[in-house]
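Report on the structure given below.
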Amino acid sequence: MAQFICRYRKGEQVRWISHLDLKRTLERALRRGGLPLELTKGYNPRPRLSFGPPLPLGATGDGELLAVHLSEPVEADELKQRLNRQLPSGLEVLEVWRVPAHQKRETFGQVDVAEYRIIVSNGLDEEELSSRVSDLMRSETLPVQRGGRRPEREVDLRPLIMGLEVSRTKAHEIELRARLKTGSHGGARPQELASLLHLDEGDRLVRYHRTGLYASAEPSKQRRGGLGRRWRRARSRRERSTES
Amino acid sequence: MEIKISTFDALLSRVTKPARYIDGEWNAVHKDTASARARFALVYPDVYEVGMSHLGLQILYHVLNSAPDFAAERAFAPWPDMEEELRSRDLPLTSLESRTPLREFDAIGITLPYELTYTNVLNVLDLAGIPVRASERGADDPIVIGGGPGAANPEPMADFFDAILVGEGEEAIVEMAEAVAEAERHEALERLAEIPGVYVPCLYEVSYEGGGPRASVTPRDGAPQVIERRIVEDLDAAPFPTEQIVPFLDTVHARGTLEIMRGCARGCRFCQAGATYRPRRERRVETLLRQAEETLASTGYDEISLLAFTSVDYREIQELAKQLVDRFGERGIGLALPSLRADAFSIALANTIQRVRKTGLTFAPEAGTARLRRAIGKQMGEDELFAAAEAAFSSGWTRLKLYFMIGLPTETDDDVAAIGDLVQRVVQFGRGVLGSRRSRLQIAVSAATFVPKPHTPFQWGGQDGREDLERKHAILQRALRGRHIKLSWTDPGTSALEAAVSRGDRRVGGAIEAAWRGGARFDSWGEHFDFGRWEQAFRGAALSMADYANSYLDYDAPLAWEHVSCGPERSALREEAERAITGGKL
């Protein structure tokens with residue numbers, strides 16, 4: 001019995017597959033890799049896998065999270081290599097670490113913050129966007145409608161937006177970095193933010209890339225190898241590498 | 001990380017299920033096509049999820065891509081939302097793998113799975129920028145080749161294809177690729193016509209002898225008089241793709257497939273597949289075990305399905321099932337037997353081997369009375385049905401599907417009423433066997449409409465008209481009330497179209513084209529089917545749908561598909577038909 005956590009990338013080639021399809025894809029890759037998956041008991045045994053919060057369809061991400069349970073321990077690096085050999089292009093495991101045996105099953109319930117890069121192409125003025133962003137951040141409430149065709153319900157997005165930052169990356173592109181609440185206790189969707197800022201209007205194209213998932217709460221007890229610490233470490237390493 | 005924004009992505013962001021249009025699935029082949037002598041686009045004329053569940057497509061893809069000289073990519077019918085995006089931007093339909101416009105391929109291979117996909121065939125050609133009529137294609141256009149079950153009567157689609165292969169394709173496809181590879185269009189067609197099983201419609205003339213499919217097709221320029229269907233002699237040695245493409249999307253059959261047997265030894269008189277895939281051929285147990293091992297290793301599926309018309313007719317089914325379970329059971333691999341027969345043996349087998357997912361079990365008595373079952377050649381007694389039901393209920397199944405057919409030749413209203421009686425007795429019986437669990441009992445009754453199919457003894461029979469079908473449906477509805485029963489039937493309009501195209505001649509192609517131009521697409525999807533549009537299309541082509549669908553044909557009249565030989569001779573079919581209706585006419 002061994003539990004591993006994988007941080008992986010969902011890249012360009014697979015950004016149009018849904019979360020459900022992604023789950024199946026990873027499950028099949030693990031099976032092709034001949035990894036000793038721990039199966040659930042019962043008539044219809046399934047491998048024990050947990051996934052971090054889903055990415056919106058069309059978005060990419062390189063801080064995506066997966067927990068895998070194996071019936072026999074393997075080296076974390078071996079798991080990473082065996083899995084990567086079986087992944088369709090666009091999917092790549094970037095980092096694997098083993099969770100100590102006494103720690104309970106990881107379900108990523110603590111994950112509540114997501115960071116996105118939102119890239120907008122085709123003629124949007126940087127100053128214009130910056131002023132829209134400051135207006136937005138000054139608002140007290142930002143009601144948005146949810147529920148599609150079903151009876152709509154209203155959600156206030158304002159408390160779910162933790163931070164926004166505008167920068168120009170290329171001549172025809174503007175980038176918005178967004179720190180949003182996510183997870184089962186309510187979260188903001190990056191597309192909702194984009195439409196509040198009128199980013200997706202006209203012939204403009206908008207791309208969403210999630211750079212990381214975090215747990216904002218301090219772990220109540222200091223646990224060795226606890227998720228929060230490990231994520232933060234992974235994050236700071238990544239930030240160092242993007243800065244350099 | 002560099003983030004790119006492309007026009008294709010802009011398209012994908014606007015359609016449902018964008019994963020239908022991307023490639024990169026595990027085991028998809030990306031071949032360097034520059035050096036290939038012949039490049040094929042293989043098309044299944046329905047949406048991706050349906051097409052990717054079709055084994056034939058995967059076999060041909062595998063055969064062509066395994067050959068050093070040839071290459072194959074895939075394309076499917078785009079859903080109407082994608083079609084609209086493509087048309088509004090004037091973008092051509094492309095292959096999945098290299099996103100190459102279809103018209104740049106040397107050949108387009110299109111499956112003809114059944115009649116209701118035919119408008120999609122025209123739509124795919126049109127979206128690719130290829131003239132839909134073969135006669136309007138020029139030297140630069142790809143050669144459009146058809147094949148599959150629909151080739152048993154190629155006439156309704158004959159004007160849209162340069163060549164149609166009758167029968168099984170895994171051997172012939174290589175010969176066809178060879179013909180396409182070197183030659184110019186005209187010469188390639190001549191070479192194709194020399195390949196056994198290949199029908200090149202433009203080399204034939206049709207003379208009509210009255211309404212409906214009373215027509216004869218005769219060769220010009222030395223083309224063969226009769227096109228003999230191709231069959232693979234040695235199924236065990238035939239190429240089989242164990243590196244099956246693993247779709248991202250949840251397809252109709254998301255599991256590994258083993259083709260254990262081809263053909264059927266039973267002789268149901270309405271069944272076209274039973275006639276055209278003869279004789280029954282089996283793969284050996286050792287071969288199948290090896291293929292199972294390879295398929296599971298290369299796909300990562302957790303279920304493997306044994307494909308056959310009736311898997312329990314496979315001679316060593318018990319041995320095969322036992323070996324598969326012994327080998328893969330512990331790894332959590334399930335085994336599916338999609339085609340069980342209604343007898344106790346089948347249930348016992350299912351019971352011992354299936355990773356127990358007791359979701360549903362399907363039996364096909366086809367008719368309500370023993371007399372009618374005898375007439376249609378269905379070898380199933382009521383005792384067998386009840387024995388199977390008892391075995392199923394006592395081993396935990398609570399849901400049964402029962403398939404019947406309405407409008408069979410010689411059927412009377414009493415035969416229809418007898419379906420109600422039979423089902424009610426199954427319900428009573430089930431309640432008794434299930435005891436305290438009886439509230440879970442559910443019998444789903446499906447009443448399909450009889451469609452007269454070429455090359456079967458019932459090819460001369462007519463389909464019931466709408467009025468008769470509606471009366472029979474009403475009888476069923478009255479007889480099949482009750483909380484344990486769910487009844488469904490095929491829409492009479494859909495059935496009439498199936499029958500009219502199934503027995504169609506070349507003139508029916510004109511109606512198909514008119515219906516497509518009038519907007520018909522995805523006719524097998526209830527939400528897209530519009531019977532009025534089809535009636536108008538047949539009228540516009542000066543044809544009577546009833547002549548093709550409902551009329552009883554004379555035994556001596558020429559039939560539009562008799563230049564195609566699918567095995568049984570006309571005299572043998574007639575004898576069978578007469579045996580069905582002792583002393584009478586169909």
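Chain letters run A, B, ... following the sequence lines, proteins first and then strands; every chain starts at 1.
Between the CG atom in A:L57 and the OG atom in B:S13 there is a gap of 9.5 Å [rounded to 0.5 Å]. Taking CD1 of A:I17 as the start and CG of B:L249 as the end, the distance is 8.5 Å to the nearest 0.5 Å. Rounded to the nearest 0.5 angstrom, B:H30 NE2 and A:S89 OG are separated by 7.0 Å. Interatomic distance, A:R15 CZ to B:L12 CG, rounded to the nearest 0.5 Å: 7.5 Å.
No more than 12 heavy atoms of other residues, nucleotides or ligands sit less than 6.0 Å from atom CD of B:E84. The environment of B:R87 atom CZ is dense: over 12 non-hydrogen atoms of other residues, nucleotides or ligands sit within 6.0 angstrom. Annotation: B:E330, atom CD; neighbour count of heavy atoms from other residues, nucleotides and ligands within 6.0 Å does not exceed 12. More than 12 heavy atoms of other residues, nucleotides or ligands sit less than 6.0 Å from atom NE2 of A:H19. By the neighbour-count criterion of 12 heavy atoms within 6.0 Å, atom CG of B:D90 is sparsely surrounded, having that number or fewer from other residues, nucleotides or ligands. Around the CD atom of A:E126, the shell of radius 6.0 Å holds more than 12 heavy atoms that belong to other residues, nucleotides or ligands. Taking a 6.0 Å sphere around CD of A:E201, one finds it holds more than 12 heavy atoms contributed by other residues, nucleotides or ligands. Remark: A:E127 CD is loosely packed, at most 12 non-hydrogen atoms of other residues, nucleotides or ligands lying under 6.0 Å away.
Within the 4.5 angstrom heavy-atom criterion, atoms from both the backbone and the side chain of B:A10 approach chain A. For B:A254, the parts lying under 4.5 angstrom from a heavy atom of chain A are both the backbone and the side chain.
By a heavy-atom distance cut of under 4.5 Å, A:D21, A:R24, A:T25, A:E27, A:R28, A:R31, A:R32 are the residues of residues 20-36 of chain A near chain B, going up by number.
The shortest non-hydrogen separation linking B:G24 to A:P88 is O-CB, 3.6 Å. Of all non-hydrogen atoms in B:P18 and A:W16, the two that sit nearest each other are CG-CE3, 3.4 Å. Residues B:G332 and A:L39 share a closest heavy-atom pair of CA-CD1, 3.9 Å.
Ranked by heavy-atom pairs under 4.5 Å with chain A, the list B:V246, B:D250, B:I22 is led by B:D250.
In summary, B:D9 and A:R207 do not engage in a salt bridge, as defined by a charged side-chain N under 4.0 Å from a carboxylate O.
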